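The shown structure was predicted, so the numbers you read here are calculated from the model rather than taken from an experiment.
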Amino acid sequence: MSGPLTKLKNAYHLLKSIDFAMLAKLSEKVDLPKVMESVGKMDDTQLNGLMKMLTSSSKKKELPPIEGDFYDLGAKLNAEDRALQLKVRAFMEKEIKPIVNEYWLKAEFPFEIIPKFRELNICGVTYDGYGCPNRSFLMEGIIAMEMARIDASVATFFGVQSGLAMGSVYMLGSEAQKQEWLPGMQQLNIIGAFGLTEPEVGSGTAGGLTTTAKREGDTWILNGQKKWIGNATFADVIVIWARDVDDNQVKGFLLRKDTPGFSVEKIHDKMALRIVQNGLITLKDCRIAESDRLQNASSFKDTARVLRMTRAGVAWEAVGCARGAYENALAYTQTRKQFGKPIAAFQLIQGHLVEMLSNLTAMQTMVFRLSEIQDAGGLKDEHASLAKVFCTLRTRDVVSRAREVMGGNGILLEYNVARFVADAEAIYSYEGTKEINSLIVGRAITGFSAFV
């Protein structure tokens, strides 16, 4: 009798556990007898899989952290540098990220961030003295990456101020010029710009500058135009590069914003780096004192020294742009659901993500080593140019894939990838196009110059 009694007891407990109201609702949606028949035919493996699927939906899956530094290069930093990196990251997340889409859309600069930047005390990060931090080039690159990870426009503003403008004074100015300008620029009380590119002269600045400088006694008279000059519309001082009509050499001048004959017009309707205030500068018989000529800049070779230093920073900016796009896209795929599950669970999406991470990791290791060479004093033009070529090319690929995995939402600002897609195009071109930088590297590896 134990057999039948046991079956009756089991049936009784089963009936007690069934929610008949829920069962009635379920019977309206599915054919219960057919479901029971199908389940009854399942083997143990199939049943276990079914139960796993039914129970897993009730548990929240713990996902890995969003981390673009897959090889943990940050672990190579000392404690002080790592703390500064995280401080800059927190600043960008808190102060810049909430406002960046609004200002990017309006093509305006958020001047309220300048006093906040001052508190970070990172301007002129690699320079010694004049209130500057005197940190490594590696740290400068990491700061550029952290800024561009949130917004490439803000990173560009900072790169012009801290790198191109301050760098020109620091590397090529007299001691009196350094004392006059660098402390105020370091505190962002004085905003600088760098005027090299011209409306008809971009990559050919080494020998084709049309802006002229003519010396008359202790005064220089400058005439010409400069285009795409970041910070130009609100800068207090602009480094102007002009061709001396007497010796045909490129020289640098510190142009004060109130100089008669100087005017600047904001460039409108850009599709990239819209927060950066690029200007078209016109110089009409601008008279600049000899004391405002960069005393240690006598040819384009001196200009190139500044560009070599800052070109490495542009490669780091490209890495930051790619990292921001990758991390935002990865987060999106983990939460966006299609066909009943996050799209990150699909093979094609994972393929895109791995390609993005591969490019990003290669770029990061390249610029990390580049900065190590720079800190050791061995940086050459071809080193910086190779990094600029490779990183800006790979960034284009990363941001394109980031937009692709997000589908139509990838073109909306609110999803924080569309900006990176657009801004990558500007980074790809400025501070030397792919073609010009390729020729610099080509000359170094072949021994032949292919420049026209």
Side-chain angles (χ1 to χ4, degrees), residues 63-104 110 112-126 133 135-163 188 273 275-276 312-332 334 356-357 359-361 363-368 370-371 391 395 398-399 402 415-417 419-420 423-424 427:
L63 299 174
I66 306 294
E67 177 55 71
D69 184 7
F70 196 65
Y71 279 5
D72 196 17
L73 293 172
K76 293 176 67 67
L77 302 177
N78 60 41
E80 185 180 5
D81 285 348
R82 180 61 172 168
L84 180 56
Q85 177 187 17
L86 297 179
K87 182 180 179 181
V88 173
R89 181 178 299 180
F91 171 83
M92 295 298 295
E93 293 277 359
K94 178 183 177 183
E95 302 292 347
I96 306 300
K97 190 173 183 177
I99 65 172
V100 68
N101 284 339
E102 174 190 356
Y103 279 96
W104 193 92
E112 66 269 25
I113 71 173
I114 292 179
K116 298 173 182 178
F117 258 122
R118 187 179 299 129
E119 296 175 8
L120 282 176
N121 192 37
I122 55 174
C123 213
V125 64
T126 62
R135 306 290 279 269
S136 66
F137 285 107
L138 176 60
M139 198 64 239
E140 181 183 50
I142 287 172
I143 289 171
M145 177 188 69
E146 290 294 341
M147 289 184 180
R149 173 180 168 268
I150 300 298
D151 182 60
S153 289
V154 171
T156 299
F157 156 74
F158 187 80
V160 171
Q161 172 75 7
S162 181
L188 292 126
L273 297 181
I275 290 175
V276 177
V314 175
W316 275 100
E317 283 183 26
V319 173
C321 182
R323 183 169 177 175
Y326 164 76
E327 291 180 348
N328 278 286
L330 174 57
Y332 178 88
Q334 291 177 333
M356 292 159 66
L357 182 59
N359 281 324
L360 178 57
T361 302
M363 291 158 60
Q364 287 180 102
T365 52
M366 174 181 261
V367 293
F368 202 98
L370 178 71
S371 290
C391 291
T395 292
V398 171
V399 300
Y415 289 95
N416 292 314
V417 162
R419 270 189 303 105
F420 292 116
D423 290 345
I427 298 173

> Hey, does the side chain of T395 reach the backbone of C391 with a donor-acceptor pair shorter than 3.5 angstrom?
yes

> From the options I96, V100, I275, select the one residue that forms a side-chain contact (heavy atoms from CB on, under 4.5 Å) with P110.
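Answer after filtering I96, V100, I275: I275.
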
> Return the minimal non-hydrogen interatomic distance between V276 and S153, and the atom names on each side.
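Smallest interatomic distance, heavy atoms only, reads CG2-O, 3.5 Å.
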
> Name every donor-acceptor pair, under 3.5 Å, that has one atom in a side chain of residues 138-148 and the other anywhere in the protein, sequence neighbours excluded.
residue, atom, partner, partner atom, Å
E146, OE1, R89, NE, 3.0
E146, OE2, Q85, NE2, 2.9
E146, OE2, R89, NE, 3.4
E146, OE2, R89, NH2, 2.8

> What residues form a side-chain hydrogen bond (donor to acceptor under 3.5 Å, both in side chains) with Y332, not counting sequence neighbours?
R336, N409

> Which heavy-atom pair separates N78 from D81 by the least distance, and what is that distance?
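That closest heavy-atom pairing would be OD1-N, 2.7 Å.
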
> Say you draw a straight line from CZ of F368 to CE of M363; how long is it, rounded to the nearest 0.5 Å?
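Output value for this atom pair is 15.5 Å.
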
> Are any of the side-chain heavy atoms of F158 and C123 separated by less than 4.5 Å?
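Yes, their side chains come closer than 4.5 Å.
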
> Name all pairs fulfilling the salt bridge (Lys or Arg N to Asp or Glu O under 4.0 Å) condition that reach into residues 65-76, sequence neighbours left out, sorted by first residue then second.
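Output for this query lists E67-R323.
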
> Please report the interatomic distance CD1(I99) to CH2(W104), rounded to the nearest 0.5 Å.
15.5 Å

> Side chains of N101 and N416: closer than 4.5 Å at any heavy-atom pair?
yes

> On a heavy-atom basis, which atom in G124 and which in P133 lie closest, and how many Å separate them?
O-CD, 3.4 Å

> Could you tell me the separation between the CD atom of Q334 and the CG atom of L63, rounded to the nearest 0.5 Å?
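Answer for the CD-CG pair, Q334 versus L63, is 4.5 Å.
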
> Taking NZ, NE, NH1 and NH2 as the nitrogens, is one of them in E317 or R149 under 4.0 Å from a carboxylate oxygen of the other?
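Not counted as a salt bridge, because no side-chain N and carboxylate O are separated by less than 4.0 Å.
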
> Taking all non-hydrogen atoms of both residues, which atom of A329 and which atom of V417 are closest, and how far apart?
N-CG2, 4.3 Å

> Looking at N328 and G324, would you say the former's side chain and the latter's main chain have a donor-acceptor pair under 3.5 Å?
yes

> V398 vs L357, test: side-chain contact (heavy atoms from CB on, under 4.5 Å). Steps then yes/no.
CA-CA 8 Å; V398 171; L357 182 59; over 6 Å; no

> Return the CG to CG distance between L84 and L77, rounded to the nearest 0.5 Å.
9.5 Å

> Which residue pairs pass the ring-ring contact (aromatic ring centres under 6.0 Å, His included) test when at least one of the two sits in residues 79-99, sequence neighbours left out?
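Checked against ring-ring contact (aromatic ring centres under 6.0 Å, His included) - neighbours excluded - the pairs reaching residues 79-99 are F91-F117.
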
> Quick one: are D151 and K97 in side-chain contact, heavy atoms under 4.5 Å?
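In short, these two side chains do not touch, never coming nearer than 4.5 Å.
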
> Sequence neighbours excluded, which residues qualify as side-chain hydrogen bond (donor to acceptor under 3.5 Å, both in side chains) partners of S371?
W316

> If you compare all heavy atoms of G68 against all heavy atoms of Q364, which two are closest, and at what distance to 0.1 Å?
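Taking every non-hydrogen atom into account, O-NE2, 2.9 Å.
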
> What's the shortest heavy-atom distance between T126 and S136, and which atoms?
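Nearest heavy atoms, T126 then S136: CG2-O, 3.6 Å.
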
> Does I150 offer a backbone N or O that forms a donor-acceptor pair with the side chain of R419 under 3.5 Å?
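Yes, because the side chain of R419 sits within donor-acceptor range (under 3.5 Å) of the backbone of I150.
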
> Let's go through V399 and C321 carefully: what are the C-alpha distance in whole Å and the side-chain angles of both, what is the deciding distance for side-chain contact (heavy atoms from CB on, under 4.5 Å) to 0.1 Å, and is it a yes or a no?
CA-CA 8 Å; V399 300; C321 182; 4.3 Å; yes

> Got a sec, which residues hit salt bridge (charged side-chain N to carboxylate O under 4.0 Å, His left out) with K116, two or more places apart in sequence or on another chain?
E95

> Measure the spacing between CZ of F70 and OH of Y326 and express it to the nearest 0.5 Å.
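So the gap between those two atoms works out to 7.0 Å.
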
> Answer whether the closest heavy-atom distance between the side chains of V88 and M92 falls below 4.5 Å.
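Heavy-atom side-chain distance check passes, below 4.5 Å.
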
